[in-house]
Structure formats: C-alpha cells, structure tokens
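A note on names: the letters A, B, ... follow the listed sequences, proteins ahead of strands, and every chain is numbered from 1.
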There are 2 protein chains.
Amino acid sequence: MSPSERPIPTTTVSRLPLYLRALERLLELGESTVPSEKLAEVAGVSAANLRKDLATFGSFGTRGSGYDIKNLKVRIASVLGADTEWKVAIAGIGNLGLALANYPILAGPSFMVAALFDTDNAKIGTKILGMPIRHIDEMPLAVAEENLRMGVITTPAGVAQDVANKMMSSGIKSILNFAPALILAGEGVLVRNVDVALHLLVLSYHERSGQNGTGLSRNSGR
Amino acid sequence: MSPSERPIPTTTVSRLPLYLRALERLLELGESTVPSEKLAEVAGVSAANLRKDLATFGSFGTRGSGYDIKNLKVRIASVLGADTEWKVAIAGIGNLGLALANYPILAGPSFMVAALFDTDNAKIGTKILGMPIRHIDEMPLAVAEENLRMGVITTPAGVAQDVANKMMSSGIKSILNFAPALILAGEGVLVRNVDVALHLLVLSYHERSGQNGTGLSRNSGR
DNA sequence: CAATGTGAAGACCTTCACAGCC
DNA sequence: GGCTGTGAAGGTCTTCACATTG
C-alpha cells in the first residue's frame, strides 16, 4: 500500500487505464517485454506521450529492450489503486442499473458491487445477485457499515442530483453518473459523467462536419 | 442544413453538449435570457471559457443582457448536428444493449435506435420495441438500406474489435463503444469509449490519492 | 545499438482584463 | 451600467530530439 505518490496530471491519470488494458492484451498475446513504441500503438497514444506519462511516477524501463509487461502492469495498477478492492453502490435499479450490476468488470478484482438502492417499493426487498435492493434512505448507514466507497447513479435525470447529494452526505467521494443530468459535486468529490446523450452529440458533430478524426480512439476521460 | 462551419477545437466540441443541457435546465426554470456567468456556472465551466467556446462559431450574445436562451440553444444544436435525426444501430443485445435500446435519450429528437444486431441464434428474430434482432452479418445491407449512421457496441470485450470492423466496413464512421476493450479505429472514424472499468479506475486513483478534486464535475469527453 | 528518460520547443487551451457595444 | 467578444498573457500538455544507459 503505497500511501501517496507525487500528484499526477489528470490527463496522465486518464490514460493509465488505457495502458493497463494494452498491457493485458499484450500479455494475452504471450509477450513479456514491450518497447514504448509498440505499447503506445496498442493504447492509441504517441510513444513520447507514453514515456512522459510513465515518468511522472517512476522509471522502470530498460534501455535497449523496453518495459517488462508484468512489472509495469503491477506498477500502474498500484498507482491507480487497482490492487485494492473498492466497494461500489448502485442507485437506481432499472434496466441500466441491472445491466451494470451484472457487468463483468464490476465482478473483477478491483471493483465489487456491494449495495443496491432504489425508491420503488415494488423493488425494495427484491434480491439481485443475492443482494437485497434497499431504500435509498438507508444509504448513510450502509455506506458506513459496509465501507462503500464509490457510487454509480443510474436513476432518471430528475432525481440524479438528489441521489448524488445523498451519496455525498453519506461520505462517498467518487461518483460515476449515468443519468443525463449535470451533477454539482461537493468539495473533494469527483464525479465522472458517462452521459450517453453527450457522447452521441459529439459523434453527431463528427458526422455533421465530415471526417476529421485521426483514426485514433479516444476515451471519455478528462 | 449548414454544411461545414470552420473547424471547432475538440475541447470546445466536448463542452457544447454541456451548454445544451444547461440551457435546457434554464428554460425549464422559466428563464429566457442568461449572462455567461450564470450559464457557465450551471454547466460547470468558467465564464471566459464559455464565451471563448461560443466565439469559435459566431457571436450571438447581447452586451448588457447576455444570451437569448432559445436562440443559443438552436444555434448550438445546429453546430452539433442535433437538429437532425441520426439513426443508431446497437450491436450486442444483452443486458446493457437492451437497457440502451430503452434509454429515454435515444428516443429523443436527435437519435433513434433503428437496428439491433447480435449473433445469438436464440435472440435473432425476437422483437424489441417492434424491431427484430438481426444477425450481425446483415449489417452491411441494413446500414446501406436504412441509412444507419452511428453504432453502439455492447458486446463482450472479445468480439468488440470484430464488431467495430464490421461496422466500419459497412460505412459507419461514428462508434460508441461500451465494451471493456480498446478499439482500433480506421481513418475518419471516431470512436468514443464509454468504458466503465476505465472510469472506475480513474475514480480509484482519486480514492487512493486523497481528495484532490475541485468539486466540479467533469465529463468523460476527449 | 536499441530504446529509455528528459530538457527544450512547440502547440494548444484557459484565464485575464478590458475595449467596445447595447 | 452590465456584459459580451477578444487580444494578450499565462498555463498546461504534447512532441521533438538527443544524451544516456543497459
């Protein structure tokens, strides 16, 4: 448990998960070592950018041969906190909430869906994956008792801010918001918006104004 | 149909949908005009940033009173192409694909789910929202015949690139990828990754390294 | 000799601050 | 007077290019 490294630029942080993915793919392909050029290509960034990113928290390449994949993977995972298991709460158990509760990655080593909340009395008490759907008013207690650290909002837009407020006042500082609504976050709280409509509008601009993409895939990060 | 304005920086494009959202909220509140200061606050950006963004494609504020909300909304919608209806195809009709097919925004004025694809014979032929689930091999034909312009990938990671390739070779140039996989895009193709795991990893870093957020909500864009 | 790590340069983006307009 | 639109300044991020190292 490395407590706190030197602060890393947000642009870099948003690319680290990409590198993790790329490293995983390379491992699957049976590689054990990789030069920045290749890793950058798989991740969809420039080699210089990749090296600068890695340099912000250490230097663990070998000149002449590149990076040891397993080693780098462990290192990045540690920086990101992916070596810990974070307990995630989902609020709003409709189609999307259900889909996410069953999402494979959320069942991976780093994240675990540990609580489900809704306000619909017809749903409360029902069990999903062995977990009962609880009323959202029970959130403060549940967060404290079960050490829930992240919240996912999959409610309708109208109540998204209320739900976010409830999460924040319960002590949750990291929120992933799927509701098509702008969320005002409190001090020290990080909200990542995964707003499908917003993404589609960016794609819409791309369609409207002809092809101007570089061909590289970009993440919603930032 | 304004054909092609002067190119707009991607950072600006990724904020325009936020402004659209903010303007909608202000309209609901009964406002009809708004100064940059207020609009920026609702959208979660700085006032100067907002004004610079708008300046990239025109100038339609009124000094002394601000912006006419309806007018600005129409203007931004036009720049983004949100005044057109884009037909969206969804590939991978599992929990997540189903949830998105039923997603309210996709039923809004700008986007319309017009085709569903899968490879599971048990699902093919089944109707969702009146639409049959078709085999993914029918995609090239469907894209051409029905003028599908955007693709949403909600398949397992393992086949995501194959599905993306199929979309691209069918002529789709705008892809929203929900699969936890890196997608290599062709020339002129824009892929937006909505990778839940990637977002959670960024949140994980935030948790790990203590509160360093500004309190402002940021979108996945870029 | 191949490939990293990194100053320096360059590109891009945001903020500042104010002239100009309603 | 209030507020936009915008040059100029300030920051931040990315790319370049190369000295350095295994």
Side-chain angles (χ1 to χ4, degrees), chain A residues 5-16 18-19 22-23 26 31-69 71-72 75-76 79 202 212 214 216-219 221-222, chain B residues 5-16 18-19 22-23 26 31-69 71-72 75-76 79 202 212-214 216 218-219 221-222:
Chain A
E5 319 277 338
R6 174 169 307 102
I8 299 175
T10 51
T11 46
T12 294
V13 171
S14 71
R15 278 187 299 264
L16 292 181
L18 258 49
Y19 303 153
L23 290 168
L26 291 169
E31 310 280 332
S32 69
T33 200
V34 66
S36 63
E37 196 87 28
K38 176 100 184 270
L39 179 55
E41 186 196 320
V42 176
V45 304
S46 78
N49 206 169
L50 165 64
R51 294 201 300 272
K52 261 276 153 69
D53 280 344
L54 298 183
T56 60
F57 59 92
S59 83
F60 12 72
T62 310
R63 295 175 199 231
S65 63
Y67 302 89
D68 178 82
I69 297 183
N71 186 36
L72 184 56
R75 204 68 192 72
I76 293 179
V79 168
V202 174
N212 48 5
T214 62
L216 276 182
S217 164
R218 310 187 132 252
N219 203 52
R222 149 70 67 112
Chain B
E5 318 276 339
R6 173 168 307 102
I8 298 175
T10 52
T11 46
T12 294
V13 171
S14 71
R15 279 186 299 264
L16 292 180
L18 259 48
Y19 303 153
L23 289 168
L26 291 169
E31 309 281 332
S32 68
T33 199
V34 66
S36 64
E37 195 86 28
K38 177 101 185 270
L39 179 55
E41 186 196 321
V42 176
V45 304
S46 79
N49 207 170
L50 165 64
R51 295 201 299 273
K52 261 277 153 66
D53 280 346
L54 298 183
T56 60
F57 58 93
S59 84
F60 14 71
T62 311
R63 291 171 201 236
S65 63
Y67 301 89
D68 177 82
I69 297 184
N71 186 37
L72 183 57
R75 204 69 192 69
I76 294 179
V79 168
V202 174
N212 48 5
T214 62
L216 275 182
R218 311 187 131 251
N219 202 53
R222 147 71 64 112

Presence of B:Y67 side-chain N/O under 4.0 Å of D:dG5 phosphate oxygens OP1/OP2 | yes
For the side chain of A:P35, counting heavy atoms from C-beta on, which of D:dC3, C:dA3, D:dT14 is nearest?
-> C:dA3
Are any of the side-chain heavy atoms of B:Y19 and B:V45 separated by less than 4.5 Å?
-> yes
Can you name the nearest heavy-atom pair linking B:S14 to B:T11, along with the distance?
-> OG-O, 2.8 Å
What integer distance in Å separates B:D53:CG from D:dT4:P?
-> 14 Å
How about B:E37: does its CD atom have over 12 heavy atoms from other parts shown lying under 6.0 Å from it?
-> no
For residues B:F60 and B:L54, report the shortest heavy-atom separation together with the two atoms involved.
-> CZ-O, 4.2 Å
Protein-nucleotide distance (B:L16, atom CG; C:dC13, atom P), rounded to Å = 13 Å
Which pair of heavy atoms, one from B:R51 and one from B:S36, lies closest together, and at what distance?
-> NH1-OG, 3.0 Å
Using atom OH of A:Y19 as one end and atom P of C:dT4 as the other, report the distance to the nearest whole Å.
-> 13 Å
Report yes if a side-chain nitrogen or oxygen of B:S36 is closer than 4.0 Å to either non-bridging phosphate oxygen (OP1 or OP2) of D:dT4; otherwise report no.
-> yes
Would you name the heavy atoms of A:L16 and A:V79 that are closest together and state the gap between them?
-> CD1-CG1, 4.0 Å
Starting from P on C:dT15, measure out to CG on B:L50 and report it in whole angstrom.
-> 11 Å
State whether A:S46 places a side-chain N or O below 4.0 Å from either non-bridging phosphate oxygen (OP1 or OP2) of D:dT15.
-> yes
Is there any protein nitrogen or oxygen under 3.5 Å from a nitrogen or oxygen in nucleotides 20-22 of chain D, and what are the pairs?
from	atom 1	to	atom 2	distance (Å)
D:dT20	O2	A:R63	NH1	2.6

How long is the line joining CZ of B:F60 and C1' of D:dC3, in whole Å?
-> 16 Å
Table of protein N/O atoms under 3.5 Å from nucleotides 16-18 of chain C N/O atoms:
from	atom 1	to	atom 2	distance (Å)
C:dA17	N6	B:R51	NH2	3.3

Between C1' of D:dA17 and CG of A:N49, the distance in whole Å | 16 Å
Which atom names give the shortest non-hydrogen contact between B:T56 and B:P9, and what distance separates them?
-> CG2-CD, 4.3 Å
Heavy-atom closest pair, residues A:L39 and A:A22 | CD1-CB, 3.7 Å
What is the distance, rounded to the nearest whole Å, between atom CD of A:E37 and atom P of C:dG5?
-> 14 Å
Sugar-phosphate, base or nothing in reach of B:S65, heavy atoms under 4.0 Å = sugar-phosphate
Write down the distance between CG (A:L54) and C1' (C:dG5), rounded to a whole number of angstrom.
-> 10 Å
Qualifying residues under salt bridge (Lys or Arg N to Asp or Glu O under 4.0 Å), relative to A:R15, sequence neighbours excluded = A:D53
